[in-house]
Amino acid sequence: MKIAVDAMGGDYAPAEIIKGIEQARDAYPDIEFLVFGQEDKVQPLIQNDTRITLVPASEVITMEDEPVRAIRRKKQSSIVLAATAVKEGQADAFFSAGNSGAVLAAGLLIVGRIKGIDRPGLTTTLPVLRKPDQSSFVMLDVGANADTKPFNVVQYAVMGQYYAQSVMHVDQPRVGLLNNGTEADKGDKAHQAIYQALSGIDGLNFIGNVESRELLNGAADVVVTDGFTGNATLKAIEGTALSMLKLIKGEIMSGGLGGKIGASLLKPVFKNVQSAMDYSQYGGAVLLGLKAPVVKTHGSSKAPTIKNTIGQIHELIQTHSAEQLVSYFDQHTDEMAALKESLK
């Protein structure tokens, strides 16, 4: 299998990107890498070019660039060339830590969406705390579509189920709808309509509404919502975790000698808490609904996260997750059309 990687995207690119690629190459002997980037900056960083091919890309899409305009104008950028390699069958997946909007636009405009899927959804994996039989769950959409229609959320549920089965290896993923209460009649009319639609899909293990306060407790294996709410929820979880760690550190530093001695004894505990809340260990965010895997990882990612994300992509390719979605939506064209009509 081959993965097309944008070497120029991210706060620590290209150095950490290349380090992560080399770590992943050593861990996954069946992966080859097409690395797209500026030759003078990337080539000196490659210590061992076994299964790594550098493809020169003279332009870079920065974080400040307007995504769609940049995709259309910077044809020789690392993002555009990497996505084009997937479109043309030279690679099986596209990966970047760069401009999120540009990566999403390249996925939609170049790689292309699966027939029958109205809007792909951005999917991320989050930790589940203190539940021995469940370590994580997936949530979508977390920001690909700020203006989402009820039918889009229904399709996210189907896509999320296949992702949980293929990548997380959950046989019967529990699918929950993020809402402001667990009762069937909670939420606005759109959420009530989504609830009824999901309840009627054969083969979908829909467990009803879930509340945001129960997400990290393992309320579901797959949580679906609109892109605006999903992105706000994700950032609230991130912010709360960071704030709590800072609060604990601040209290320790102001607690005098006794506090610092106690903190040194509890250092392994704090490390475990920090590790449990670090969702980068699960890889990047996947734009589900495209003809091939397109994965975006955080801009601040360093080599270990790059390696983890490549491992996630390896699983996506190996389990033929995109092909499974293509097959499902081909077989359920009439059912999806009827659902779309009913949710107008």
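Heavy atoms only: backbone and side chains are in, while hydrogens, waters and symmetry mates are out.
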N48 side, atom CG; I21 side, atom CD1 - distance, nearest 0.5 Å: 12.5 Å
Can you see which heavy atom on V167 is nearest to which on E315, and at what distance? CA-CG, 3.9 Å
Here the gap from S77 atom OG to K75 atom NZ, rounded to the nearest 0.5 Å, amounts to 9.0 Å
Checking the side chain of E32 only, and the main-chain atoms of A91 only, is there a donor and an acceptor separated by less than 3.5 Å? no
Apply side chain to side chain donor-acceptor pair (under 3.5 Å) to residues D6 and S96 and explain how you reach the verdict. CA-CA 5 Å; D6 162 29; S96 175; 2.7 Å; yes
Same apolar cluster: M63 and V103, side chain cutoff 4.5 Å: no
Check whether S301 reaches the backbone of I306 with its side chain - one donor and one acceptor, N or O, closer than 3.5 Å. no
Can you confirm whether N145 sits close enough to Y156 that some side-chain heavy atom of one is under 4.5 Å from a side-chain heavy atom of the other? yes
Please examine the side chains of T297 and F95, heavy atoms only from C-beta on, and report whether any two atoms are closer than 4.5 Å. yes
Using side-chain heavy atoms (C-beta onward) and a distance below 4.5 Å, is T233 in contact with V223? no
Residues Q331 and S327: side-chain donor-acceptor under 3.5 angstrom: yes
Side chains of I3 and L34: does their closest heavy-atom pair fall under 4.5 Å? no
Compare every heavy atom of K302 with every heavy atom of E16, then report the nearest pair and how far apart it is. OE1-CB, 3.5 Å
Is there a donor-acceptor pair closer than 3.5 Å between any side-chain N or O of Q192 and the backbone N or O of G187? yes
Does the side chain of M159 reach to within under 4.5 Å of the side chain of L325, using non-hydrogen atoms? yes
pair E66-V68: side-chain heavy atoms closer than 4.5 Å: yes
Hydrophobic cluster membership, with links at side-chain heavy-atom distances under 4.5 Å among I/L/V/M/F/W/Y: are F206 and M168 in one? yes
Take M8 and V42, measure what side-chain contact (heavy atoms from CB on, under 4.5 Å) needs, and give me the verdict at the end. CA-CA 8 Å; M8 307 306 296; V42 178; 3.8 Å; yes
For D40, I'd like to know if atom CG has over 12 heavy atoms of other residues, nucleotides or ligands within 6.0 Å. yes
Provide the closest heavy-atom pair for Y195 versus G208 in the form atom of the first, atom of the second, distance. CE1-CA, 3.6 Å
D118/K149 under salt bridge (Lys or Arg N to Asp or Glu O under 4.0 Å): CA gap, chis, key distance, verdict: CA-CA 10 Å; D118 279 17; K149 297 178 181 179; over 6 Å; no
Contact check, side chains of H298 and T305, non-hydrogen atoms, under 4.5 Å: no
Can you tell me how far the CD1 atom of I110 sits from the CD atom of E88, to the nearest 0.5 Å? 10.0 Å
Scanning both residues in full, the closest heavy-atom pair of P14 with L45 reads CG-CD1, 3.5 Å
Kindly indicate, with the supporting measurements, whether the criterion side-chain contact (heavy atoms from CB on, under 4.5 Å) is fulfilled by Q38 and V60. CA-CA 8 Å; Q38 295 175 322; V60 176; 3.7 Å; yes
Under the side-chain contact (heavy atoms from CB on, under 4.5 Å) rule, what do L126 and L215 come out as? Steps first, then yes or no, please. CA-CA 9 Å; L126 292 167; L215 295 181; 5.9 Å; no
Kindly determine whether H314 and D30 satisfy side chain to side chain donor-acceptor pair (under 3.5 Å), including the steps that lead there. CA-CA 9 Å; H314 180 271; D30 57 339; 2.9 Å; yes
Has the side chain of Q165 got a donor or acceptor atom that lies under 3.5 Å from a matching backbone atom of D171? yes
Applying side-chain contact (heavy atoms from CB on, under 4.5 Å), run through D65 and T62 and close with a yes or a no. CA-CA 5 Å; D65 283 332; T62 68; 3.4 Å; yes
Just wondering, are more than 12 heavy atoms of other shown residues or ligands nearer than 6.0 Å to NZ in K307? no
CG (D141) and CG (L287) are apart, to the nearest 0.5 Å, by 8.0 Å
Heavy-atom count check: over 12 atoms from other residues, nucleotides or ligands less than 6.0 Å from Y28 OH? yes
Quick check: is I201 connected to V175 through a chain of hydrophobic side chains (ILVMFWY, heavy atoms under 4.5 Å apart)? yes
Under a 4.5 Å side-chain heavy-atom rule over Ile, Leu, Val, Met, Phe, Trp and Tyr, are V286 and I313 clustered together? yes
For I52 and E22, which heavy atoms make the closest approach, and how far apart are they? CD1-CG, 3.9 Å
Does L81 share a hydrophobic cluster with I71, counting links as ILVMFWY side-chain heavy atoms below 4.5 Å and allowing steps through other members? no
Within this structure, what is the CG-CD distance for the pair N308 and Q23, rounded to the nearest 0.5 Å? 9.0 Å
How many angstroms lie between CG in L122 and NZ in K296, if you round to the nearest 0.5 Å? 9.0 Å
Test item: Q155 side-chain N/O and M336 main-chain N/O as donor-acceptor pair under 3.5 Å: no
Looking at T333 and F329, would you say the former's side chain and the latter's main chain have a donor-acceptor pair under 3.5 Å? yes
Do the side chain of E59 and the main chain of Q76 share a donor and acceptor less than 3.5 angstrom apart? yes
Which heavy atom of F151 sits nearest a heavy atom of L343, and at what distance? CA-CD1, 3.7 Å
Check against salt bridge (Lys or Arg N to Asp or Glu O under 4.0 Å), D221 and R174: CA-CA 5 Å; D221 299 300; R174 296 165 299 137; 3.1 Å; yes
Flag, side chain of T148 to backbone of G227, donor-acceptor distance under 3.5 Å: yes
For the pair N205 (side chain) and Q172 (backbone), establish whether a donor and an acceptor sit closer than 3.5 Å, ignoring hydrogens and angles. yes
Could you check if a side-chain atom of Y163 sits within less than 4.5 angstrom of a side-chain atom of L140, using non-hydrogen atoms only? no
Donor-acceptor check, side chain of R25 to backbone of R51, threshold 3.5 angstrom: yes or no? no
